[in-house]
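Heads up, the thing below is written out as structure tokens.
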Amino acid sequence: MGAAKKIWNEMEVAAEARENGSTEFLSSPLIVDTSLSLPLMTPRVIALCKDLFKQWSKLDDSRFSVDTVSGGITNLLLKVTVKEESGNDVSVTVRLYGPNTDIVINRQRELQAIKYLSAAGFGAKLLAVFGNGMVQSFINARTLTPADMRNPKLAAEIAKQLRRFHQVEIPGSKEPQLWNDVSKFFEKASSLKFDEIEKQSMYETISFKEVQKEIVELKELAGHLNAPVVFSHNDLLSGNIMVNDEQEKLYLIDFEYGSYNYRGYDIGNHFSEYAGYDCDYSLYPNKDEQNHFFRHYLRPDKPEEVSDQDLEVLYVEANTFMLASHLFWALWALIQAKMSPIDFDYLGYFFLRYNEYKKQKEMCVSLAQSYLSRSGRGGHCC
Ligand SMILES: Nc1ncnc2c1ncn2[C@@H]1O[C@H](COP(=O)(O)OP(=O)(O)OP(=O)(O)O)[C@@H](O)[C@H]1O
């Protein structure tokens with residue numbers, strides 16, 4: 001391994017030192033223009049890597065290769081591979097934040113979370129930050145498909161990992177952020193103006209009075225559940241879960257939306273993602289599939305010993321907060337429709353999520369209400 005291992009070790013040592021709070025992140029003020037084509041962007045990414053990692057500063061540019069890993073709907077992710085003089089390759093990922101994403105993503109919150117989550121063994125290691133992005137270790141694993149998530153073995157592993165994730169303690173306020181975020185999104189989403197006439201007229205069909213009423217009622221109902229609050233991932237879709245099949249190792253990645261939140265929200269949001277990229281909500285997990293997940297979440301060591309009562313509590317939480325996740329991503333989509341330069345039908349996505357919310361509302365609300373009346377709580381709710 002020689003020099004390659006040395007460079008890697010130096011990067012990891014620096015990253016670990018920062019995780020222990022002993023130094024700042026490696027950082028550079030450089031910004032890489034995300035509107036450039038990959039060939040034009042490549043020399044700038046190489047210059048950035050040389051600026052950040054002094055061990056690479058004297059290497060010839062021909063030793064670097066830069067490829068696109070994913071142009072997600074939020075960021076651009078690049079893989080940079082450096083060929084060592086010894087012939088060994090070292091790879092890192094360079095994540096370029098999408099323009100205007102700081103409106104929906106709290107970058108300070110994300111960096112703080114990465115520090116502690118990565119120390120607890122979650123996700124990729126944070127190696128450095130720069131003007132409009134961050135450099136992380138490259139994970140050798142495949143990304144899950146939506147169908148993988150309902151594979152019983154993988155679902156059990158996701159549940160187990162999510163339990164561990166929820167046990168990580170992140171310093172700072174432990175207040176659940178869901179309703180703060182929804183309310184911030186609502187403020188922005190309800191006062192947009194689109195230049196395109198078609199978009200503006202579609203936007204004008206939305207009744208924000210109705211949306212606000214839905215938010216207030218759901219918040220009140222959910223409040224009666226007294227749901228446990230944990231540090232949540234909040235965006236556990238298949239693209240944010242990777243698996244190395246040989247090592248049977250599962251990775252939860254991308255903590256952009258992570259915050260203290262209701263555990264049921266994280267799980268309900270994850271279940272909504274069974275719908276996949278085509279948003280086929282008929283793929284939402286049935287009660288047996290949900291219970292399988294809950295058993296492994298609640299008792300990874302003895303899933304069969306979870307009581308019916310504990311299963312019911314989590315079932316009610318997950319399916320009530322699933323409604324909240326539709327509202328959250330619907331409002332998020334409206335903001336993106338205005339702010340994001342990415343060519344995606346965000347306005348259409350608002351309607352997909354909001355209509356699904358309306359479709360599921362009655363069933364989920366009556367599930368929660370009948371649970372609350374049986375358990376003698378929340379007498380006058382809703
Ligand atoms: N450290 C990593 N190593 C290897 N591959 C990665 C790494 N991080 C992300 N990926 C791959 O890149 C894809 C996109 O990553 P990520 O979700 O972080 O980007 P994103 O821009 O936030 O995407 P989206 O907005 O669509 O959620 C992942 O699905 C995964 O396949």
Side-chain angles (χ1 to χ4, degrees), residues 8 11-12 15 32 34 38 41 45 49 65-82 89-107 109-111 113-115 117-118 121-129 132-149 154 158 165 232-247 249-259 266 269-270 272-273 275-279 325 328-329 332-333 335-337 339-346 349 353:
W8 190 241
M11 290 165 110
E12 293 231 335
V32 180
T34 47
L38 188 63
M41 202 186 278
V45 172
C49 289
S65 68
V66 180
D67 299 294
T68 305
V69 178
S70 113
I73 57 173
T74 314
N75 306 296
L76 176 61
L77 196 79
L78 303 170
K79 177 182 183 182
V80 178
T81 304
V82 186
D89 289 343
V90 178
S91 294
V92 294
T93 61
V94 174
R95 180 191 288 236
L96 301 172
Y97 301 147
N100 299 327
T101 51
D102 50 341
I103 297 173
V104 287
I105 294 162
N106 181 335
R107 295 292 176 194
R109 191 162 93 181
E110 183 191 11
L111 280 179
I114 289 181
K115 189 168 135 185
L117 290 167
S118 120
F122 288 100
K125 278 208 181 305
L126 178 64
L127 304 173
V129 291
N132 62 331
M134 62 173 81
V135 183
Q136 290 180 281
S137 60
F138 185 82
I139 298 172
N140 256 317
R142 74 174 173 91
T143 310
L144 258 54
T145 63
D148 283 329
M149 297 196 300
L154 283 169
I158 295 167
F165 189 98
S232 302
H233 184 287
N234 295 331
D235 191 20
L236 212 53
L237 72 168
S238 60
N240 286 338
I241 308 173
M242 300 179 79
V243 66
N244 181 313
D245 294 305
E246 289 88 60
Q247 296 168 4
K249 187 163 165 44
L250 191 97
Y251 297 85
L252 308 185
I253 63 164
D254 191 0
F255 312 134
E256 281 178 327
Y257 293 92
S259 71
D266 219 5
N269 182 69
H270 173 64
S272 287
E273 296 295 346
Y277 297 107
D278 295 332
C279 299
S325 94
F328 178 94
W329 292 112
W332 169 91
I335 300 169
Q336 296 286 40
M339 307 296 178
S340 173
I342 295 164
D343 184 21
F344 179 82
D345 181 14
Y346 289 107
Y349 191 69
R353 298 298 303 244

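Indexing begins at 1, ligand by ligand and atom by atom, following the structure's order. Atoms considered below: every heavy atom in the structure, side chains included; atoms not considered: hydrogens, waters and symmetry mates. The first residue of the sequence shown is numbered 1, and numbering continues consecutively from there.
At distances below 3.5 Å, at least one donor-acceptor pair connects side-chain atoms of T93 with backbone N or O atoms of Q136. Judged by distance alone, the side chain of N132 and the main-chain N or O of V32 form a donor-acceptor pair under 3.5 Å. N75 contributes no side-chain N or O that, together with a main-chain N or O of L77, makes up a donor-acceptor pair within less than 3.5 Å. Of the possible donor and acceptor atoms, one in the side chain of D266 sits under 3.5 Å from a partner among the backbone N and O of N234. Side-chain atoms of N140 never come within 3.5 Å of backbone atoms of N244 as a donor-acceptor pair (strictly under, hydrogens ignored).
The distance between the ring centers of W329 and Y257 falls below 6.0 angstrom. A ring-centre distance under 6.0 Å is found for H233 and F165.
The ligand atoms of ligand 1 that sit less than 4.0 angstrom from a heavy atom of G239 are 28 (C), 29 (O). Within ligand 1, counting atoms from 1 as listed, the ones closer than 4.0 Å to a heavy atom of N75 are 20 (P), 21 (O), 22 (O). Every atom of ligand 1 is numbered from 1 in the order shown, and the set under 4.0 Å from a heavy atom of F138 is 3 (N), 4 (C). Heavy-atom contacts of A124 reach the following atoms of ligand 1: 1 (N) (cutoff under 4.0 Å). Close approach of ligand 1 to R95 (heavy-atom distance below 4.0 Å) involves ligand atoms 16 (P), 18 (O), 22 (O). Remark: ligand 1 atoms within the under-4.0 Å shell around heavy atoms of T93 are 1 (N), 2 (C), 3 (N). Numbered from 1 in the order shown, with element, the atoms of ligand 1 that lie under 4.0 Å from a heavy atom of L77 read 6 (C), 7 (C), 8 (N), 9 (C), 10 (N), 11 (C), 12 (O).
Residue D254 places at least one N or O, backbone or side chain, under 3.5 Å from an N or O of ligand 1.
Residue-ligand proximity: R142 is placed with every non-hydrogen atom at 4.0 Å or more from ligand 1. Ligand 1 lies nowhere less than 4.0 angstrom from a heavy atom belonging to Q136. Heavy atoms of K79 come nearer than 4.0 angstrom to ligand 1 in no pair at all. Residue G98 places no heavy atom under 4.0 Å from ligand 1.
Contact annotation: for L237 versus ligand 1, there are no heavy atoms closer than 4.0 Å. Residue I139 touches ligand 1 through backbone and side chain together, judged by heavy-atom distances below 4.0 Å. Only side-chain heavy atoms of V69 come within less than 4.0 Å of ligand 1; its backbone N, CA, C and O stay farther off. Proximity of I253 to ligand 1, defined as any heavy-atom pair under 4.0 Å, is confined to the side chain (atoms from C-beta onward). In S137, the part holding a heavy atom less than 4.0 Å from any atom of ligand 1 is the backbone.
N106 contributes atom CG, which lies 11.5 Å from atom CD of E256 (distance to the nearest 0.5 angstrom).
Shown here is D278, whose CG atom has no more than 12 heavy atoms of other residues, nucleotides or ligands within 6.0 Å.
By the 4.5 Å heavy-atom criterion applied to side chains, R142 and M242 are not counted as neighbours. In this structure, H270 and I158 have side chains that are in contact, with non-hydrogen atoms separated by less than 4.5 Å.
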